[in-house]
There are 2 protein chains.
Amino acid sequence: MDDYQDYRLFQELSLLLDHADRLVLRQFRLNTLQYNALLLLDTDEGWRLTDLSERLLCERSTVTRLVDYLESEGLIARSPDPGDRRSQRVTLTAAGVARRREAQAAIEEAIGRRFSILNSEEERQLIAMLKRLRTVVSAEIAEIEAASSEASSTPS
Amino acid sequence: MDDYQDYRLFQELSLLLDHADRLVLRQFRLNTLQYNALLLLDTDEGWRLTDLSERLLCERSTVTRLVDYLESEGLIARSPDPGDRRSQRVTLTAAGVARRREAQAAIEEAIGRRFSILNSEEERQLIAMLKRLRTVVSAEIAEIEAASSEASSTPS
DNA sequence: CGCGATTTGTTGCGATTGCAATTGTTGCAA
DNA sequence: TTGCAACAATTGCAATCGCAACAAATCGCG
């Protein structure tokens with residue numbers, strides 16, 4: 001019915017949220033992806049770059065450069081994987097913990113203000129709808145990519 | 001309450017939708033911004049670049065390069081503004097109309113499939129919530145930018 | 001009128017990211 | 001064991017975009 005209105009609104013809100021986040025995170029010398037990476041990391045086991053790329057929905061090469069940056073900022077550390085010399089483990093440093101704490105406080109304060117206009121029931125409904133949409137769109141992407149990779153591997 | 005879950009879901013769905021759109025639009029040699037610009041344009045009056053940038057929520061320089069590209073593809077035409085020699089009017093060419101029609105059919109088909117999992121009542125609720133969020137986030141951005149521009153113009 | 005402020009569009013520059021190609025490593029099968 | 005496919009990470013390259021600086025044109029106020 002009004003699918004297109006949903007879509008346009010969603011798209012516009014995405015742009016606005018990105019922009020707002022960027023303004024908030026700028027003071028911590030982080031962009032959205034870098035911040036999301038810090039949120040995932042901890043000081044113990046560490047993540048492999050490939051796993052980070054899957055979780056962050058970006059390319060492995062992007063994670064390489066993201067880790068380069070966070071390492072140059074002293075926020076994370078690379079260490080070799082004990083069981084596989086191809087892999088590296090990325091862990092938070094003490095400075096990384098501190099930077100993440102500061103940024104997280106600012107972001108969550110902003111998020112709280114934004115979503116405070118929804119009551120609990122609305123939030124519950126929104127979450128349910130977003131989850132269903134996520135499932136559908138993930139399937140759509142998987143289908144397209146399967147079709148294109150099949151086309152390239154089987155040039156019948 | 002679960003503000004943060006809303007936020008993460010929204011962010012993830014944004015990435016997925018962007019990615020899916022890009023896969024659909026790629027066959028028409030368009031990215032999301034270029035497609036959205038084509039949607040706004042028509043063959044009559046034409047838009048000024050500055051107005052396009054405000055509507056598309058991007059910088060004027062981005063519109064300059066976007067218009068450069070669409071012009072090189074033969075989809076739009078620049079013409080001088082009758083009343084202001086600083087301005088230019090951008091209008092769709094016949095090829096632009098055709099390309100837009102093809103891309104729009106593909107995108108709207110995809111959007112229809114994605115949002116078909118919501119019923120009318122859910123769609124109504126989603127639109128209402130997204131509109132309220134848009135208002136809040138727009139205000140947040142305006143506030144931050146007002147504060148920063150004031151700080152730079154009045155370095156008290 | 002005249003001059004400074006504002007507006008429009010452009011360009012230079014840096015940051016970010018996807019994609020393809022490459023290097024080094026691992027695992028599996030002959 | 002050896003050879004080959006799969007995998008981890010990196011690099012080169014191009015596309016995209018925001019921001020700041022800029023030139024030309026317009027506006028507005030004395």
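Excluded from the calculations below are hydrogen atoms, water molecules and symmetry mates; all remaining heavy atoms, backbone and side chain alike, are included. Keep in mind that what you see is a predicted model, and the values were worked out from it rather than measured. Residue numbering restarts at 1 for every chain, and letters A, B, ... go by the order of the sequence lines.
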If you take atom types as modelled and just measure distance, does the side chain of [X] reach the base of [N] with a donor-acceptor pair under 3.5 Å?
X       : N      : result
B:Arg86 : C:dG9  : no
A:Ser61 : C:dC19 : yes
A:Arg65 : C:dG18 : yes

Side-chain N or O of [X] versus OP1/OP2 of [N]: is the shortest distance under 4.0 Å?
X       : N      : value
A:Gln88 : D:dT10 : yes
B:Thr62 : D:dC17 : no
A:Arg26 : D:dC19 : yes
B:Arg78 : C:dT10 : yes
B:Asn31 : D:dT16 : yes
B:Arg48 : C:dT8  : yes
B:Arg60 : C:dT10 : no

Whole angstrom value for the distance that separates [atom2] of [N] from [atom1] of [X]:
X       : N      : atom1 : atom2 : answer
B:Leu25 : D:dA15 : CG    : P     : 17 Å
B:Glu59 : C:dT8  : CD    : P     : 14 Å
B:Asp18 : D:dT16 : CG    : C1'   : 13 Å
B:Gln34 : D:dA15 : CD    : P     : 11 Å
A:Tyr35 : C:dA15 : OH    : P     : 23 Å
A:Tyr69 : D:dT10 : OH    : P     : 18 Å
A:Leu52 : C:dT17 : CG    : P     : 14 Å
A:Leu70 : C:dT16 : CG    : C1'   : 13 Å

Using the side-chain heavy atoms of [X], tell me which of these nucleotides is nearest: [options].
X       : options                : answer
B:Thr64 : D:dT10, C:dT10, C:dT25 : C:dT10
A:Arg22 : D:dT26, D:dA9, D:dC19  : D:dC19
A:Arg85 : D:dG18, C:dT25, C:dT11 : C:dT25

Problem set entry | Min side-chain heavy-atom separation B:Leu126-A:Leu126 under 4.5 Å | yes
Exercise. Less than 6.0 Å separating the ring centroids of A:Phe10 and A:Tyr7?
Worked result: no
Problem set entry | Most 5' of B:Asp51 and B:His19 on DNA chain C, judged by nearest nucleotide | B:Asp51
For this session: Using a strict 4.0 Å threshold on nitrogen-to-oxygen distance, state whether A:Asp68 and A:Arg78 make a salt bridge.
Result: yes
Seminar exercise, completed: Comparing nearest nucleotides in DNA chain D, the 5'-proximal residue of the pair B:Leu66, A:Leu49 is A:Leu49
Problem set entry | 5′-ward residue of the pair B:Leu33/A:Thr50 relative to DNA chain D | A:Thr50
Exercise. Which value, rounded to the nearest 0.5 Å, describes the distance between B:Arg124 atom CZ and A:Gln5 atom CD?
Worked result: 12.0 Å
Problem set entry | Interatomic distance, A:Gln27 atom CD to A:Glu102 atom CD [nearest 0.5 angstrom] | 9.5 Å
For this session: Answer with base, sugar-phosphate or nothing: what part of the nucleic acid does A:Asp84 contact at a heavy-atom distance below 4.0 Å?
Result: sugar-phosphate
Problem set entry | Main-chain N/O of A:Thr135 paired with A:Ser138 side-chain donor or acceptor, under 3.5 Å | no
